[in-house]
Amino acid sequence: MSIKAFVHLNRRIYPVVSPVFTLSRTTSATVISSRIPASFAVEAVPTAPYTTGVEGRVDYDGDRSNESRYRQVAESAKRVCEIIIARPRWESSLLSHFSPSVLFHPTCVCQVLRLLSSKNLMLSLRYLLWLSSHPDAPPADPETSASLLYALADMRAWKAALLAIRTMKCQPDSRALESFLLRLIVNERCARDVMVEAIALVSTHLTHYSVPLSIWNSSLSSSLRSKRTDLVWRLYESMMQAGVSGDASTAGYLIQAFCIENKLDDAYRLLREVSMKGLIPDAISITKLIAEFSKDGNFGKVSELLHLMIAGGCMPDIFTYQSIIQGLCENGKVHDGFRIFNNLKLRGYDPDLVTYTTMIDGLCKTGKMVVAWNLWLEMIGKGLKPNAYAYNVIINGYCKARDLSRAQNLYNEMGSAGLSESIMSCNTMIAGLCMEGRMEEALNMSEEMPNKGIEPDVITYNTLIQGFCNEGNTTEAKKLYRKLFSMGLKPSVSTYTPLIWTLCNEGNVLDAVELIKCMKEENLEPLVCSNDFVVDGFCKVGKVEEAMAWLVNMLENNLKPKKGTINKLLVCLSKNHIVDDLLLVLNNLFKLGYTLDMSVCYLLVDRLCRDTQTQSTLQVEEILLNK
DNA sequence: CTAGGGTTAG
């Protein structure tokens, strides 16, 4: 496009081309014009030609007509562009080619920006930066600023756009800023950090524009979607600084942020506070808080919030009830959950697929497979098509109920329904096979997974390892343990627990201890019961001292051994006539609030009475008294 | 896109 055409286009779209002729004359002075230094108003343009004598300098003749002045400035702008494009380090020399009155003429600035942004956005940014280092330089007019900002937004050059705004030489009007911010918020690919930075920048830098509440709320919502509560708080802080007070939606977003950070008390306090003022956040936010309290088993708060919702005219919906049912099921109150579920239907709510799935899962987990199956049929009867979640729940139920044939039937049915297998469904079936001791089939299934495009994960390996350990097949279990590493996976505590158990069981206590060492090196803390296994194991192979040492270590680390472990150790100590340790352990047994097994008690009394060296009738009495 | 919820080992 030729310069002329550009200029022409410019005039057509923006009838007021040259701020120099308009801004200073606008009767209702726009906010923009008031920000343009007075020296750039038309009256201030020097009337006498520049006579500094620098060669090639273009000057400005104040006596010419407006039209010719305009043409001259336009001509200069064109030359400024040529220089900027042609010379790598134009910044240092531009002022020696043009007089400031021309170079910093508002029309010139706008034209240069427009010409540059049509050719090279990077150069227009550099030009803005250069302008910003000259306090006398005027900002571009709102239209030019807007089109530059849009051009940058088109290229998703968000950071560059922010830089442009920060120069203070790019000052689009409110509408342009708003649509820019909206694009920034809606754009999924852009970093949320930039969004927050932009909003904060715009609200603090551009005093002519106040960010509307809708933008604050949208950006809060956007930050929440990516779980970026840090951004939520930053936004809220900027919002407060801007003097904008939030509405019910804002409160809802903050409540959600508190929920994500598990600060339930803060969320609750905020909800109470705003609802007192008559602001009732949306059902989503309150439901999320209810869901958290429900998961925590804090049903007092759940019912309180339900009342608050209803009183505020925000009716709990199926999502709310689903989260309550889930919480009840997870906290051993499946029966109550089921009651609410059935009441829901009576009260005209239609439980959806997720609610059915939650309820069926709760019933399955408590072994109520008949009820679960009836609910499954009811769900299908209502025309709800089970998805992968639903299938996995019921399949898992039958696996745990050791009804593998029904589980497999459902698994096949799921496939026929066009629902593809997943890591979840595979792991579930593998666990079912392991539970039944069908290790070969389980292993086969795991080996088939990659052919289906599913890579076994640490859960797959843990399940298989546990399966083999339960069978006492340590060799296979160890093989899988090594395979896990070779597949680039990281073991978890659950990888080790069954291995330690089986090694201790078969008397390989030292190998078990070695594994515990490995765990610590991987920053994994063994379960307390793994220590019990080790003490048991040492007792089993007759290494009483080692068993004793390990138990003492547990006690020193505040790890509570099981009652059975201590009783077994007592038997072991008494068989080996280690009376002082025996008394020590006995003492600890009582301190931990445990009782002596009857059989162990008889054994100890018998041993202590026979032991001529101790003559400890007193101690025997003590034992009997404590019983 | 017009929200938000459910499944595997321990």
Side-chain angles (χ1 to χ4, degrees), chain A residues 185-188 217-218 220-222 224-225 227 249 252-253 255-256 259-260 281-292 294-295 314 316-327 329-330 337 341 351-362 364-365 379 384 386-400 407 410-411 414 419 421-435 442 445-446 449 454 456-467 469-470 480 484 491-501 524-530:
Chain A
I185 292 168
V186 169
N187 195 312
E188 285 296 324
N217 281 342
S218 305
L220 285 169
S221 159
S222 167
L224 276 177
R225 250 193 303 172
K227 301 267 185 271
S249 305
Y253 296 135
I255 287 167
Q256 289 188 47
C259 285
I260 291 171
D282 53 326
I284 296 173
S285 309
I286 306 181
T287 294
K288 284 197 169 161
L289 184 54
I290 287 179
E292 294 301 321
S294 188
K295 269 183 206 143
C314 175
D317 55 19
I318 200 67
F319 287 83
T320 316
Y321 286 112
Q322 183 272 337
S323 71
I324 295 171
I325 291 168
Q326 192 188 4
C329 289
E330 282 174 4
F341 181 84
D352 59 6
L353 185 59
V354 177
T355 311
Y356 267 102
T357 305
T358 305
M359 196 62 249
I360 290 170
D361 189 38
C364 285
K365 294 238 162 82
M379 176 178 87
L384 294 170
N387 59 11
Y389 280 98
Y391 270 108
N392 286 334
V393 159
I394 192 97
I395 288 168
N396 186 45
Y398 280 119
C399 282
K400 295 294 174 304
L410 282 158
Y411 193 80
M414 179 174 76
L419 299 168
E421 298 162 271
S422 65
I423 186 76
M424 206 72 100
S425 64
C426 289
N427 285 346
T428 303
M429 280 311 295
I430 288 171
L433 290 164
C434 287
M435 204 172 236
M445 188 160 177
S446 76
M449 284 167 70
I454 305 165
D457 63 1
V458 67
I459 295 180
T460 318
Y461 284 100
N462 290 355
T463 308
L464 289 166
I465 287 171
Q466 190 187 32
C469 287
N470 282 339
L480 284 159
L484 182 148
S492 68
V493 175
S494 310
T495 312
Y496 287 96
T497 312
L499 282 167
I500 292 166
W501 176 78
L524 294 171
E525 191 53 38
L527 293 184
V528 178
C529 72
S530 292

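Below, chain A is the first sequence line, B the second, and so on; all start at residue 1.
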Partner set under ring pair (Phe, Tyr, Trp, His ring centres under 6.0 Å) for [X], not counting sequence neighbours:
X	answer
A/Tyr461	none
A/Tyr398	none
A/Tyr496	A/Tyr481

Practice prompt. Can you sort out the partners of A/Glu421 under salt bridge (Lys or Arg N to Asp or Glu O under 4.0 Å), two or more places apart, ordered by chain and number?
Written response: A/Lys452
Response to the item:
Across all chains, not counting sequence neighbours, the salt bridge (Lys or Arg N to Asp or Glu O under 4.0 Å) partners of A/Lys365 are A/Asp361
How long is the line joining [atom1] of [X] and [atom2] of [N], in whole Å?
X	N	atom1	atom2	answer
A/Leu499	B/dA9	CG	P	18 Å
A/Leu527	B/dG10	CG	P	11 Å
A/Leu480	B/dA9	CG	P	17 Å

Worksheet item: Which parts of nucleotides 2-8 of chain B does protein reach within less than 4.0 Å, heavy atoms only, written one letter per nucleotide 5' to 3' as B for base, S for sugar-phosphate only and - for none?
Response: -BBBBBB
